[in-house]
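Hydrogens, waters and symmetry mates are skipped; everything else that's a heavy atom, side chains included, is used.
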Amino acid sequence: MGHAAIFGLLERSLKAGRLAHAYLFSGPAHVGKMTVARAAAGLLLGPETPLNQHPDLLVVEPGRDPKTGKLHNEIVLDQVHALRGWLSRGAFYGGWKVVIVDGADLLNKEAGNALLKNLEEPKEKTLMLLLAAAADDVQPTIRSRCQSVVFGLVPAAEIRSRLAAEGVPADQAELYARLAAGRPGLAKRYAADPAALAEMTELRSRLLELPEAPLADRWLMLDALVPEKTPFNEAVAQAAAALDLLSELLRDALLESYGQGARAVHADVAGRTAAWAASLGRGRIAAALEEIVAAKKALAENASVRGVLGGVALAF
């Protein structure tokens with residue numbers, strides 16, 4: 001959804017015999033990177049065997065803790081060794097082999113160095129698709145050996161039209177497309193799982209109280225978003241999701257201050273974001289947005305989650 005041009009480029013490159021051996025897909029979560037990657041794999045591997053059962057497709061992502069079931073925050077050397085062993089064997093059906101690395105920015109140094117050998121000496125009829133939120137977060141040596149493909153946000157009208165074509169009622173398609181803020185996967189998630197939408201709106205309600213609260217209360221409100229004893233990786237994910245939503249609300253407030261409220265993501269709470277615009281002013285909103293960018297970077301570098309959220313509380 002929204003990335004036909006990218007898929008068309010891959011398709012034409014294959015037909016012309018100019019398909020690169022490795023691509024780095026970068027863009028926000030839920031924007032469609034994995035969907036295009038799997039579509040490209042299907043193009044090469046054919047329709048005879050479902051992709052989730054295909055012996056010539058390997059998806060590498062952070063593993064899970066065997067005790068807690070929680071995702072690890074990195075892709076480790078053992079996983080890349082297993083990948084290299086898989087690549088060393090011939091294709092089961094004698095054609096292409098496809099590797100999708102979902103989280104190329106999560107490769108630790110040793111894993112990245114090991115994967116580099118396969119990127120430097122690619123095997124014939126092997127395609128590697130590396131996915132990351134931001135290309136700059138991928139190790140430079142890996143990034144330089146891939147063809148970069150940037151996934152932009154998808155217009156709300158296109159998301160709305162596709163949802164409606166899939167049977168989502170028009171008013172709901174409008175709501176989901178707007179709240180997805182250009183990320184088709186998020187719109188489809190809202191359409192398929194009402195609980196996901198309810199979770200977002202509940203978190204949004206809590207965040208909307210921030211600017212009006214005293215500093216101590218703001219800190220407590222943000223701290224409460226991540227319960228004590230939450231595993232670190234899960235705490236980082238929860239904090240990052242809250243900061244992303246907070247940045248959307250601040251952006252909407254900034255739009256309101258310029259009379260551009262019609263472009264807001266959270267138009268259903270326009271009265272609240274307009275109040276933010278009036279009480280905070282553009283300078284404080286811009287400063288808060290800068291603080292959130294710094295906070296997201298700190299989280300990616302394994303900073304204390306509570307310390308990061310405390311810094312955001314000060315921004316208001």
Check the hydrophobic clustering (I, L, V, M, F, W, Y; side-chain heavy atoms under 4.5 Å; chains of links allowed) and say if L10 and L24 are grouped together. no

Using modelled atom types only, decide if a donor and an acceptor are shared between the side chain of S161 and the backbone of A157 within a distance under 3.5 Å. no

Go through it in stages, so that I can follow the logic: the residues are K117 and E121, the test is side chain to side chain contact (heavy atoms under 4.5 Å, CB included), and I'd like the CA-CA distance, side-chain angles, deciding distance and then a yes or no. CA-CA 6 Å; K117 297 178 182 179; E121 302 174 3; over 6 Å; no

Quick one: are I159 and M1 in side-chain contact, heavy atoms under 4.5 Å? yes

Pairs involving residues 267-307, ordered by first then second residue, that meet ring pair (Phe, Tyr, Trp, His ring centres under 6.0 Å) (sequence neighbours left out): none

Are the side chain of R143 and the backbone of A135 linked by a donor-acceptor contact shorter than 3.5 Å? yes

Applying ring pair (Phe, Tyr, Trp, His ring centres under 6.0 Å), which residue pairs with at least one partner in residues 79-130 are found, sequence neighbours left out? H54-Y93

Which residues share a salt bridge (Lys or Arg N to Asp or Glu O under 4.0 Å) with E248, sequence neighbours left out: R183

Closest heavy-atom contact between A114 and L77? CB-CD1, 3.7 Å

Are L245 and L289 grouped together when hydrophobic residues (ILVMFWY) are joined by side-chain heavy atoms under 4.5 angstrom apart? yes

When every non-hydrogen atom of V31 is compared with those of G152, the smallest separation belongs to CG2-O, 3.3 Å

With the 4.5 Å side-chain cut-off for hydrophobic clustering, are L58 and L87 part of the same group? yes

Pair D268 + R178, salt bridge at N-O below 4.0 Å: yes

Only counting residues at least two apart or in another chain, list the ones meeting salt bridge (Lys or Arg N to Asp or Glu O under 4.0 Å) with R251. none

Solution key, residues 98-110 side-chain donor-acceptor pairs under 3.5 Å, sequence neighbours excluded:
from : atom 1 : to   : atom 2 : distance (Å)
N108 : OD1    : E110 : N      : 3.3
N108 : OD1    : A111 : N      : 2.8

Which residue pairs satisfy the ring pair (Phe, Tyr, Trp, His ring centres under 6.0 Å) criterion with at least one member in residues 102-152, sequence neighbours excluded? H3-F151, F25-F151

If you look at every heavy atom in A277 and I285, which pair is closest and at what distance? CA-CD1, 4.0 Å

Under a 3.5 Å distance rule, please check whether Q172 uses its side chain to pair with a backbone N or O of A191 as donor and acceptor. no

Under 3.5 Å: donor-acceptor pair, side chain of R282, backbone of S257: yes

Pairs in or reaching into residues 185-201: which pass side-chain hydrogen bond (donor to acceptor under 3.5 Å, both in side chains), with residues at least two apart or in two chains? E166-K188

Strictly by salt bridge (Lys or Arg N to Asp or Glu O under 4.0 Å), give each pair with a member in residues 13-30 just once, sequence neighbours left out. none

For L243 and A295 the tightest heavy-atom approach is CD1-CB, 3.8 Å

Quiz: residues 302-316 side-chain donor-acceptor pairs under 3.5 angstrom, not counting sequence neighbours:
from : atom 1 : to   : atom 2 : distance (Å)
S304 : OG     : G307 : N      : 3.1
R306 : NE     : D223 : OD1    : 2.6
R306 : NH2    : V226 : O      : 2.6

Derivation and outcome, side chain to side chain contact (heavy atoms under 4.5 Å, CB included), residues L163 and E158: CA-CA 9 Å; L163 291 177; E158 185 168 352; over 6 Å; no

Any pair counted as ring pair (Phe, Tyr, Trp, His ring centres under 6.0 Å), so long as it reaches residues 217-269, sequence neighbours left out: none

So does E234 pair up with K229, basic N to acidic O under 4.0 Å? no

Carefully, step by step, assess T126 and H21 under the rule side chain to side chain contact (heavy atoms under 4.5 Å, CB included). CA-CA 7 Å; T126 296; H21 69 281; over 6 Å; no

Verify same cluster id: M200, L208 (apolar side-chain graph, 4.5 Å): yes

Taking all atoms of both residues into account, what is the closest heavy-atom pair of L57 and A41, and its distance? CD1-CB, 4.1 Å

Strictly by modelled atom types, are Q260 and E256 linked by a side-chain donor-acceptor pair under 3.5 Å? no

I would like to know whether E11 and L43 meet side chain to side chain contact (heavy atoms under 4.5 Å, CB included); could you show each step before the answer? CA-CA 8 Å; E11 192 172 29; L43 189 67; 4.0 Å; yes

Residues in salt bridge (Lys or Arg N to Asp or Glu O under 4.0 Å) with E120, at least two apart? R145

How would you list, by chain and number, every residue that makes a salt bridge (Lys or Arg N to Asp or Glu O under 4.0 Å) with K125, sequence neighbours excluded? none

Scanning both residues in full, the closest heavy-atom pair of P28 with L153 reads CG-CD2, 3.9 Å

Could K297 and E301 be called an ion pair, given the rule that one side-chain N must be under 4.0 Å from one carboxylate O? yes

Counting N and O atoms only, with roles assigned by atom type, does the side chain of K97 sit under 3.5 Å from a partner on the main chain of P55, one being a donor and the other an acceptor? no

